[in-house]
Amino acid sequence: MNRLKFYCIALLCTPLISVAQSRTIDQRVDSVLKLMTLDEKIGQLNQYSGREVTGPASDKKTNQLNDLKTGWIGSMLNVKGVKDTREIQAAAMQSRLKIPLLFGQDVIHGYQTVFPVPLGESASWDLEAIRATAHVAAKEASASGLHWTFAPMVDIARDPRWGRVMEGAGEDAYLGSQIAIARVKGFQGEKLGGLDAIMACAKHFAAYGAAIAGRDYNAADMSKQQLWETYLPPFRAAVDAGAATFMNSFNTLNGVPATASSYLQRDILKGEWKFDGFVVSDWNSIGEMVPWGYAKDAKEAAQHAIIAGSDMDMESNAYRKSLGQLVKEGKINEALLDDAVKRILKKKFELGLFEDPYRFSDVQREKDVLSDKKHLAIARDAAAKSIVLLKNKQFILPLKRSYKTIAVIGPLGKSKKDMLGNWVVFPNDTATVVSVWDGLQNRKEATKFIYAKGCDITGSSTAGFAQAIAAAKQADLVIFATGESGDMTGEARSRADIHIPGRQEELFKAVKATGKPVVALVMGGRPLIFDAIAEEADAVLFTWWLGTEAGNAIADVLYGDYNPSGKLPISFPRSIGQIPVSYNAYSTGRPVKDPKNIHYRSAYIDESNLPRFAFGYGLSYTSFKYASLEADKKTFKKNETVTLTFRLSNTGKAAGAEVVQLYIWDKVASVARPMKELKGFQKVSLNAGESKTLQFVIDRDALSFYNSDLRYDAEPGEFEIMIGGSSDSIMLRQVIELTGE
Ligand code: BGC
């Protein structure tokens with residue numbers, strides 16, 4: 001018996017676990033690959049969904065159990081929990097090579113403990129809080145047998161009509177990149193292989209956030225400069241933070257489906273960025289090349305996808321059906337498959353699954369981790385930090401304890417389910433969710449709370465108005481809980497009209513007409529338009545969908561136990577016609593200098609250019625003063641840095657945190673630059689009356705951009721540096737000059 005034959009037989013008798021454990025992972029991957037048949041390789045590239053589906057059900061008629069046992073499946077999505085993952089892994093362990101499965105799931109903002117929707121949480125600008133919630137999600141998911149989350153979504157999105165704005169970090173590439181890093185690190189912990197770590201998946205690569213008119217699954221068309229400047233940075237940040245996997249996207253980019261884009265996946269991601277993880281397709285995005293009109297059939301689509309660097313096929317079954325034939329016909333080289341398989345096996349080794357395929361499936365650990373009460377405290381903290389105070393007339397908030405009666409009015413006042421938002425793993429587990437009403441009750445205040453729903457979220461009935469008005473009349477103050485419903489954002493939830501739906505704003509006006517002060521809690525997973533509330537409410541808190549602890553966190557903020565510190569990560573338009581509206585506008589050749597004189601200017605005749613609430617905006621119960629900006633030098637060279645020093649003081653009566661934002665404007669460049677670009681921020685806590693000296697260091701990178709040849713560098717000239725508490729509230733300015741090399 002020759003040595004190789006003996007080796008193979010030995011491997012077939014014992015799991016691959018014992019493959020010389022002291023060798024490097026790459027060597028171990030190679031030795032497994034050598035044993036694999038073509039079909040077994042294709043099996044590793046094939047991912048199927050379990051019983052739940054998160055996309056249109058595919059027409060494949062396969063016997064999954066049999067496929068597991070015969071090595072036709074490398075990964076499953078939508079299978080979770082120790083019991084199910086164990087059972088299914090056990091089937092895969094009956095396959096010839098016993099290669100363990102990967103279990104993936106959309107753990108987008110929490111597993112069992114639900115945290116604020118990602119856009120809401122991004123409003124905290126608190127990277128540590130964001131890392132912490134992703135880490136708890138990873139702990140819970142990994143204790144339930146999962147190895148992999150399809151998160152974070154790092155798509156920059158500037159169109160609030162797109163339902164998926166809710167899943168990302170908003171409109172800005174710099175903020176989006178910082179948050180991408182925090183989320184990847186949170187999910188993946190110290191390193192893959194830890195029992196509290198799951199693989200992150202940066203998605204959707206790329207430019208999905210630019211889908212035309214906010215319509216889901218649509219085309220994106222843009223210059224390469226725009227792609228590199230706005231849409232790619234968070235993905236690059238995710239690679240640098242060690243993201244184990246990427247997901248490509250449904251959209252075309254300049255006519256080519258992202259799933260078939262060698263430019264994105266091979267040239268940029270695996271080439272220039274040296275990404276050594278693997279890329280999973282989006283749900284049937286390989287199959288969708290056919291209706292896109294890019295491939296004549298699934299076989300051609302599979303050929304495009306594998307050549308372009310899509311390693312794993314989620315749910316289209318095109319790889320399984322066609323890759324073997326394509327190799328045999330010489331249309332693709334088997335080496336392409338080998339590379340994809342190696343990337344996937346490597347992650348299975350890193351997760352420790354070859355040592356123990358059930359290591360994430362332990363009943364006791366699942367019980368302990370999922371009942372850990374500390375997770376709720378982290379959820380409450382993250383939720384409070386995500387709330388944005390948009391308005392607070394005459395400091396009506398925090399609420400006074402002297403109010404005898406407060407009326408909670410509106411369709412979201414007692415809702416539990418909506419508080420979870422969309423993309424939750426257990427959408428029907430609402431028993432532990434804290435509604436606004438519950439949160440107020442939990443405080444045991446002396447104030448009496450009464451409730452009237454008034455109307456539904458959608459629909460045209462005003463039958464409940466009278467009761468709501470009567471409740472308002474009995475009260476000293478009204479808390480008006482309003483917004484869209486929790487499932488109006490997320491995938492396939494594009495809206496052409498982003499006003500608060502139904503009769504809610506009419507209800508608001510009727511309640512306001514009683515003369516009682518009204519504090520509005522506006523809820524949604526996207527920027528909404530709510531003119532009457534914005535103009536007439538006494539106070540407005542934008543509370544997104546805050547998750548399991550929503551009501552407690554809202555009550556904490558209403559009563560001032562937590563002083564709101566959230567700032568908008570995306571602009572809120574005044575009207576739909578302004579969309580897309582983002583803070584980083586261009587000066588244009590005809591800037592609006594005086595809003596009263598817009599003739600022949602870059603303006604609307606019927607609407608302001610400015611959003612209702614700007615990127616970076618958010619109030620506090622205290623006030624902050626910015627002063628004494630100094631630059632250590634006014635002129636500098638490319639290899640030098642400029643340090644800006646200034647004082648921030650809390651000039652109000654409450655302790656609070658301010659998100660100090662740094663913007664720059666490259667005033668003259670070979671490519672016209674936006675008038676403001678975020679280049680840094682710090683979240684600073686100050687007691688009442690306290691001051692701190694703060695610094696920002698400006699380096700070449702902060703001043704660099706992609707020129708027309710896609711060269712990334714800073715050009716000599718003047719830069720205006722702006723520091724303030726919002727993109728539309730600049731408190732300090734300084735011009736510095738880059739003089740050359
Ligand atoms: C979504 C992805 C998601 C996948 C699996 C797709 O429809 O676009 O974001 O991860 O389904 O559920």
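We count ligands from 1, going down the list as the structure has it; atoms in each ligand are counted the same way.
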Taking the six-membered ring for Trp and the full ring for Phe, Tyr or His, determine whether the centres of His109 and Phe115 are under 6.0 Å apart. no
If the condition is side chain to side chain contact (heavy atoms under 4.5 Å, CB included), which residues does Gln226 pass it with, not counting sequence neighbours? Met222, Ser223, Thr230, Tyr231
Please confirm whether Lys224 makes a cation-pi placement over Tyr263, using NZ or CZ under 6.0 Å from the six-membered ring centre and within 45° of the ring normal. yes
Can you name the one residue among Leu323, Ile42, Asp313 that meets side chain to side chain contact (heavy atoms under 4.5 Å, CB included) with Ile306? Leu323
Below 4.0 Å from any atom of ligand 1, which residues have a heavy atom? Give them in chain and number order, please. Thr54, Leu77, Asp106, Phe150, Arg164, Lys203, His204, Met247, Phe250, Asp282, Trp283, Met314, Trp423, Glu491
Can you name the residues that form a side chain to side chain contact (heavy atoms under 4.5 Å, CB included) with Thr458, not counting sequence neighbours? Met488, Pro501
Taking only residues two or more places apart in sequence, or in another chain, which ones meet Glu40 in a side chain to side chain contact (heavy atoms under 4.5 Å, CB included)? Met36, Thr37, Arg96, Leu97
